[in-house]
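When a ligand or atom number is given, it counts from 1 through the structure's own listing order. Quick note: residue numbers are just sequence positions, from 1.
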Amino acid sequence: MDKKKVVVVGAGITGLTAAYRLLKSKENFEVIVLESEKQTGGKLKTSRFAGFLLDEGADAFLARAPWAKSLFDEIGISKEFVSPRSRSASIWINGSLEPLPSPNVLGIPLDPDSISSGLLNSDDVLKIRKGGKPSKALPEGTDISIGSLLRDCVGDSVFELFVDPLLGGINAGLVDEMSCETMAPQLLEAANHEEGLVASLRKIQQNSDPESPVFYTHPNGLGHVVEKLAEQISDSIRENENVISISRTNEKWVIETNSGSETANAVVLATPAQNAAKLLTTISPTTASRLSDIEHASVSLVSFSFNNSDLRIQKNQSGFLVPRSAGMLMTACSFSGNKWTHLDDGTQTLIRVSSGRVDDERHETLSDEELVKHLLDDLSTTLGLDSQPLESRINRWPKALAQLKTGHLQRMKKTIDFLADEAPGVFISGSYHFGVGIPASVRSGNEVAASVIEKFGKNENFSA
Ligand SMILES: Cc1cc2nc3c(=O)[nH]c(=O)nc-3n(C[C@H](O)[C@H](O)[C@H](O)COP(=O)(O)OP(=O)(O)OC[C@H]3O[C@@H](n4cnc5c(N)ncnc54)[C@H](O)[C@@H]3O)c2cc1C
């Protein structure tokens with residue numbers, strides 16, 4: 001039987017998902033995963049720090065979005081997942097830490113009475129009380145920025161104080177430009193509710209279980225989770241193989257690496273957008289140029305361990321966010337030991353401090369020593385810290401977070417159509433497609449596998 005060969009480039013969560021789906025489908029594919037690094041996982045990477053297994057990049061994923069959880073259910077690892085024990089986060093506002101509204105959805109307060117008086121504009125409080133209706137109906141199928149939607153429904157003060165620091169912090173981006181359809185489709189749906197966005201979110205919240213987990217992680221880190229996924233398809237994975245070029249010969253594709261070449265019927269590029277763009281320059285210049293146009297933010301994370309006696313943080317606090325208006329280098333601080341039981345040994349306090357946004361690249365110009373010093377200064381301002389850490393670790397992530405702007409999904413659809421025309425049999429996927437998080441990356445891996453199966457498979461298909 002004619003066995004179709006598929007080369008997957010990149011063994012981050014997207015590439016591993018795609019390869020796993022292809023190999024577990026009923027099709028008779030030969031799959032090879034080529035990864036340039038010496039280990040699989042990409043941005044999911046765990047290593048020892050201060051005696052703990054601490055993630056260097058992503059450290060948890062959203063429970064609400066189904067794709068990651070169902071993949072991890074399938075490989076049998078999710079029964080080992082844990083959820084944060086503390087959920088109370090704060091925001092640095094006017095020189096002090098203010099609790100995030102409770103309850104809130106993506107920073108949108110559902111009960112304005114939970115917010116310290118005087119923080120919000122009184123017209124915005126009224127908008128929330130009235131249900132947060134948009135000023136005009138949103139035609140179905142159109143995209144709008146999260147900023148424009150929320151400034152309209154709940155007001156500028158709510159957006160700037162709570163939503164922008166939260167969503168902008170997580171994505172290191174400008175929420176005024178972020179595609180609502182891609183990054184928070186639930187808000188578009190809620191805004192179309194007859195009683196308004198806040199009223200709809202309130203109803204959803206009232207009907208949900210307050211104890212149900214919001215995030216999951218693994219006590220051995222997310223690096224362990226991708227290792228378990230990689231184990232399922234280990235015979236297909238080749239590490240230390242950097243793909244240098246892709247060219248066409250007859251009806252097949254030749255994939256050149258640092259150590260040889262492969263000829264395949266199909267190629268799945270599961271790398272960051274900029275790496276995919278480089279590999280596509282000659283075979284699909286339109287796709288290459290469109291992928292290069294996706295802006296990315298760089299971030300630097302510094303993990304610190306302190307003596308418990310040097311840093312006193314209330315046990316129920318999970319961390320805090322810093323809005324760009326504060327002018328600090330730090331964008332967020334996560335109290336890892338408070339959040340996760342497995343990162344608390346009773347003697348040390350572990351925290352992870354983030355810096356970098358799409359419009360703030362100061363961290364990239366600082367040496368490691370300067371970065372640590374600046375972030376310790378920010379911790380001194382916000383937490384009153386006056387001690388030195390026991391240990392610190394720096395993880396720099398250049399051009400790591402794609403900025404998915406208004407109209408993104410439509411643009412991606414067109415990009416994929418151009419690719420199918422210019423380089424049939426070559427596919428793209430990654431965290432620049434449906435969203436930047438792990439669940440959206442798994443979704444992209446699922447969908448690209450479904451597209452390969454649709455084009456090259458013969459049997460009943462896996463459906464994403
Ligand atoms: C600091 C940080 C914190 C984050 N925190 C969270 C979080 O808490 N929760 C969450 O859900 N998401 C988080 N994310 C986002 C999430 O980690 C990523 O979106 C996701 O891991 C991307 O997976 P991927 O497989 O698409 O890409 P990657 O992980 O980048 O994997 C791509 C792989 O392709 C390989 N590659 C590239 N070029 C080539 C080539 N030419 N040849 C061969 N191999 C190649 C790379 O080495 C890499 O292994 C975070 C991201 C960052 C940077």
> If you take the nearest heavy atom of each of A402, A11, A58, which one is closest to atom 13 (C) of ligand 1?
A58
> Would you mind telling me if ligand 1 is within reach of the side chain of E241, the backbone, both or neither, using heavy atoms under 4.0 Å?
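For E241, the contact with ligand 1 is made by the backbone alone.
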> For ligand 1, is any non-hydrogen atom under 4.0 Å from S444's backbone (N, CA, C, O), its side chain (CB onward), both, or neither?
neither
> Provide the number and element of each atom of ligand 1 under 4.0 Å from a heavy atom of A60.
7 (C), 8 (O), 9 (N), 10 (C), 11 (O)
> Suppose we measure from atom 23 (O) of ligand 1 to each protein heavy atom; which comes out shortest, and what is that distance?
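Answer, as residue, atom name and distance: I13 CG2, 3.4 Å.
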> I'd like to know if the side chain of N171 and the backbone of Q403 have a donor-acceptor N/O pair within less than 3.5 Å.
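Side chain of N171 to backbone of Q403, a donor-acceptor pair under 3.5 Å: no, none is there.
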> May I ask you to list the atoms of ligand 1 that are less than 4.0 angstrom from any heavy atom of G10?
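Heavy-atom distances to G10 below 4.0 Å select 33 (C), 34 (O), 35 (C), 44 (N).
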> Tell me: protein heavy atom nearest atom 44 (N) of ligand 1, and distance?
S36 N, 3.1 Å
> Using heavy-atom distances only, which candidate in Q39, K43, Q274 approaches atom 30 (O) of ligand 1 most closely?
K43
> What's the spacing between L329 CG and D378 CG if we round to 0.5 Å?
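Nearest 0.5 Å value for the CG-CG distance: 6.0 Å.
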> Check the surroundings of atom NZ in K399: do more than 12 heavy atoms from other residues, nucleotides or ligands lie under 6.0 Å from it?
yes
> Please could you name the atoms of ligand 1 that L34 approaches to less than 4.0 Å, counting only its heavy atoms?
43 (C), 44 (N)
> Quick check on contacts: which atoms of ligand 1 are under 4.0 angstrom from a heavy atom of G42?
29 (O), 31 (O), 48 (C), 49 (O)
> What atoms in ligand 1 come closer than 4.0 Å to a heavy atom of V9?
40 (C), 42 (N), 43 (C)
> Looking only at heavy atoms, what is the nearest atom pair of I255 and V267, with distance?
CD1-CG2, 3.8 Å
> If you have a sec, work out which protein heavy atom is nearest atom 38 (N) of ligand 1 and how many Å separate them, to one decimal?
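Ranked first by proximity to atom 38 (N) of ligand 1 is N275 ND2, 3.0 Å.
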> Yes or no: does E56 have any heavy atom under 4.0 Å from an atom of ligand 1?
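Contact absent.
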> If you measure from atom 40 (C) of ligand 1 to every heavy atom of L16, V436, N242, which option wins on shortest distance?
N242
> If you compare all heavy atoms of L149 against all heavy atoms of C180, which two are closest, and at what distance to 0.1 Å?
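Minimum heavy-atom separation between L149 and C180: CD2-SG, 3.9 Å.
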> Could you see which bit of T257 sits under 4.0 Å from ligand 1, with heavy atoms only: side chain, backbone, both or neither?
neither
> Going by the order shown, which atoms of ligand 1 are within less than 4.0 Å of some heavy atom of A400?
53 (C)
> Number the atoms of ligand 1 from 1 as they appear, then name those within less than 4.0 Å of a heavy atom of I438, with their elements.
10 (C), 11 (O), 12 (N)
> For N395, which part has a heavy atom under 4.0 Å from ligand 1: side chain, backbone, both, or neither?
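Neither; nothing of N395 gets under 4.0 Å from ligand 1.
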> List in chain and number order the residues that pass salt bridge (Lys or Arg N to Asp or Glu O under 4.0 Å) with R396, two or more places apart in sequence or in another chain; answer none if no residue qualifies.
D368
> Quick one: look up the protein heavy atom nearest atom 49 (O) of ligand 1 and list residue, atom name and how far away it is.
E35 OE1, 2.7 Å
> Give yes or no for whether the N/O distance cutoff of 3.5 Å, strictly under, is met between V299 and ligand 1.
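No: no nitrogen or oxygen of V299 is under 3.5 Å from one in ligand 1.
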> I would like to know whether W397 and E56 meet side chain to side chain contact (heavy atoms under 4.5 Å, CB included); could you show each step before the answer?
CA-CA 10 Å; W397 295 100; E56 296 190 14; 4.2 Å; yes
> With only distance considered, is L301 within less than 3.5 Å of ligand 1 through an N or O on each side?
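There is no such contact.
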> Using a strict cut-off of 4.0 Å, indicate which atoms of ligand 1 neighbour a heavy atom of L401.
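Close to L401: 51 (C).
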> Is atom NZ of K5 surrounded by more than 12 heavy atoms (other residues, nucleotides or ligands) closer than 6.0 Å?
yes
> Kindly give the heavy-atom pair with the smallest separation between S392 and V302, and that separation in Å.
CB-CG1, 4.3 Å
